[in-house]
> 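What follows is a single structure, and I will ask about it in a moment.
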Amino acid sequence: MIKDLIINDLHSIVGALKLESNNKYTVEEPKDKEHGDFSTNIAMVLAKLNKTAPKVLAEKIVAKLKKNKHFSKVSIAGPGFINIKIAQALYHDILLDIFYAGDEFGSSEYGKGKMILLEFVSANPTGPLNIVNARAASFGDSLCRIMRKVGFYAEREFYINDAGNQVDILTESVELRLRQIRGENIGEFPFEAYHGEYVMDLAKEINSTEGTRILMMPEKDRMEKLKDFSLQYIHNLQINSLAKFDVEFDNWVSEKNLRKQGMVEEVLSYLAEAHCTYEKDDAIWFKSTEYGDDKDRVLLKADGTPTYIVPDIAYHLTKYQRGFDVMIDVLGPDHHGYIPRIQAAIEALKYDEDKLQFIILQQVNLFEDGEKVKMSKRLGKLVTMDDLFRAIGKDVSRFFFLQRSTNSHLNFDLELATKEGNENPVYYCQYAHARIHSILKNGKKAGLKPRKSDLKSLELLTTKEELDLIKKLSSFPELLIAIAETRETHRLPNYVIELAGLFHKYYGKFKVVDVKKEELTRARLHLVKIVARTLKIALNIMGVSAPEEMKQKKAPGDKKKSAPKKPKVKEVSETVKAKKEVKPAPKKEKKPSVKKASEKKVVKKVASPKKKTAVEKKKVSKTEAVKPKTSAKPKATTTAKKTTTKKVATKKSAVKKPAKKIAKRQ
RNA sequence: GUCCCCGUAGCUCAGCUGGAUAGAGCGUUUGACUCCGGAUCAAAAGGCCGUGCGUUCGAAUCGCGCCGGGGAUGCCA
């Protein structure tokens, strides 16, 4: 809010002085508060353009700026920075605006109702959602909420790959389990089948309802029935997991339906009409290399069935047909080659490629006892979203995921996360919120409630801490816009931490409720109440609750640290150290890091789709990041895995007809 | 081979799209309620921002090359 005001002022000054401008100057809060509340580099940025020395230019601009009553001090520093100190009156005006904005604080018309489609998670319907999906869900959902908040019309969409190989394998896995339950000897469970417990649960479920009947059906009907049942079952599992995280989707799009509607044939004919297909080795290929992909892609396999790419193209065409201005795919890093393929098709079919954007969510590495764990849905080896929910709950999970930039590889140690649950920034933020409510209660007890009639008293808020709080509050709307624009959702939790921190500091230094200073107390109560409301708005966007009281402090017995503390601390640190030592090469763990590149890259990619710059693809989740192929081989760290591998060979023969697909995949 | 992501405090991460003396949390050390909730606050210690060039008034940030870690490169999805 304040920033906008300054920028507007600068714009008009540039006009008044008839300066050449590229609008590349910025207004920022200097790290060093001594430099003022805000500073701008305008003089340095425009100096060359206007063939004037920065300082000379700065003086001219400063002369104008000084006329603005909102600025109490304007000065030039260093090579030509202009530093601005904000007049207190402006803070009070702003606080008043925020007060009147109420629960809508932060909302804006920035998006102008532009239609955005966000596709995320889109996990295969072959198993429960896992940690990676949880990250995607947290990110996508919050991004959507932010976009809506700043005036976009945004929809969340989940694409279900309920057709194709993986579904058949699931069906066959379920059938095998069903037979097993009914006492048949199925031999070794095939390696390529899904080993997760949920398959057994699923089979049990079927068994308890209509197991007998199903097994009596002719094969085709039986498999069809099992497939439908399984898909529905897993779909429900996934919906439930998402619901626990407060993530809901507006649309669920089924690949199977797209196929039913003949979209596959349609896409094939479109591409043929565009003269970008050819036949080779009995297959139909797409000349995607002509549109920036690094190799051509098969559309129709030699056996006459389409590859996944065709329905995927079809799916994206439906997005276009639904009239969105921007479509965002949130993808996992494992679908690397996907983006150029889809982009190639979009380009070939003459759709506007700029509208289709991709965000890559980097992987989540799972650690157990300091060792990296390979997740595999097929082997049932994964930490599910439900596990996560049980271990640390929704609030901590969502906050945790959101806090990292999308480019950041994320190391996740469930045990550690559980332990650190108590020392978590989430609680820091929630505590600030709860504390304020506690203060308000106290005020009420003392007969002091913030009333509309004492808004005038806001002028009494003059301490540095109070003004800092107001300044921080005032940057909230522009932050949301920046996030919507850059998709850097991790900036929101950081903002909340900062705001909560400013409050805690303030709390430590001043007493809000002071019966002797009634008017000042009311003003402070107003301020603090607005802070709480803003915290709540921000937390809710993140899908994190904002409780009015925190349930429980730490352990019951540590009111006083001093005496018991020392021994305790030692113990703790010893355990920690011990643990660390056990961990092999902790230093080598890659550190996730941050780049804000996502947006840039998206832009780049979009701008030059023909570049080889492959990026990644959709289907955020695809738990099957771990390819059976690779993992089946040597990497298997555990002997268990090796055994499994061996078993496979044996099994193959044991499995008779039901497991066609499974056998085939070997 | 080609492509993507990452390298910032002991650990996990920020760093507001190129600004002034690089920041938090955890961990370590030391203090602070007879008073609005100590899940807090105040303070100390801890850095060649992987590395070398380049771009410019100015680089953790942009470009190129190395080094190191992870991932992707199916007629799987």
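The chains referred to below are lettered A, B, ... by the order of the sequence lines, with proteins before strands, and numbering in each begins at 1.
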> Once hydrogens and angles are ignored, does a donor-acceptor distance under 3.5 Å link the base of B:A77 to the side chain of A:Tyr308?
yes

> Could you tell me whether A:Thr305 contacts a base, only the sugar-phosphate backbone, or nothing, with contacts defined as non-hydrogen atoms closer than 4.0 Å?
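Here A:Thr305 touches no strand at all.
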
> Does any N or O donor sit under 3.5 Å from an N or O acceptor when you compare the side chain of A:Asp334 with the base of B:G71?
no

> What is the separation between atom NE2 on A:His433 and atom C1' on B:A39, rounded to the nearest whole Å?
16 Å

> Does the side-chain ring of A:Phe81 sit on the six-membered ring of the B:A20 base, less than 5.5 Å centre to centre and under 30° in tilt?
yes

> Under 6.0 Å from the NZ atom of A:Lys529, do we count more than 12 heavy atoms belonging to anything else shown?
no

> Sort by first number and list every stem of RNA chain B: at least 3 consecutive Watson-Crick or G-U wobble pairs, both distances under 3.5 Å.
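The stems that RNA chain B takes part in, listed by first number, are B:1-7 with B:67-73, B:10-13 with B:23-26, B:28-32 with B:40-44, B:50-54 with B:62-66.
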
> What is the nucleic acid contact for A:Arg341, judged by heavy atoms within less than 4.0 Å: base, sugar-phosphate only, or nothing?
base

> What is the distance from CD of A:Glu29 to P of B:U17, rounded to the nearest Å?
11 Å

> Can a salt bridge be assigned to the pair A:Lys472 and A:Glu498 using a cut-off of 4.0 Å between side-chain N and carboxylate O?
yes

> When only distance counts, do a donor and an acceptor, one from the side chain of A:His409 and one from the base of B:C5, lie under 3.5 Å apart?
yes

> Between A:Asp296 and A:Thr289, is there a side-chain donor-acceptor contact under 3.5 Å, judged purely by atom types and distance?
yes

> Side chain of A:Asp162, base of B:A77: donor and acceptor closer than 3.5 Å?
no

> Can you check B:U17 for me, syn or anti if syn means within 90° of 0?
syn

> Could you list the residues that satisfy side-chain hydrogen bond (donor to acceptor under 3.5 Å, both in side chains) with A:Thr305, not counting sequence neighbours?
A:Asp303

> Is there a donor N/O on one and an acceptor N/O on the other, under 3.5 Å, for the side chain of A:Thr307 and the base of B:A77?
no

> With distance as the sole criterion, is a donor-acceptor pair present between the side chains of A:His504 and A:Arg435 under 3.5 Å?
yes

> Contact class for A:Asp281 (heavy atom, under 4.0 Å): base, sugar-phosphate, or nothing?
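Touches a base.
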
> For A:Thr52, enumerate each residue passing the side-chain hydrogen bond (donor to acceptor under 3.5 Å, both in side chains) test, keeping only those at least two apart in sequence or located in another chain.
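Once residues adjacent in sequence are excluded, A:Thr52 has no partner under the side-chain hydrogen bond (donor to acceptor under 3.5 Å, both in side chains) criterion.
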
> Just the rounded figure in Å: distance from P of B:A22 to CG of A:Asn494.
20 Å

> Does the ring of A:Tyr495 carry A:Arg491 above it, NZ/CZ under 6.0 angstrom from centre and within 45° of its axis?
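No, A:Arg491 does not sit over the ring of A:Tyr495.
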
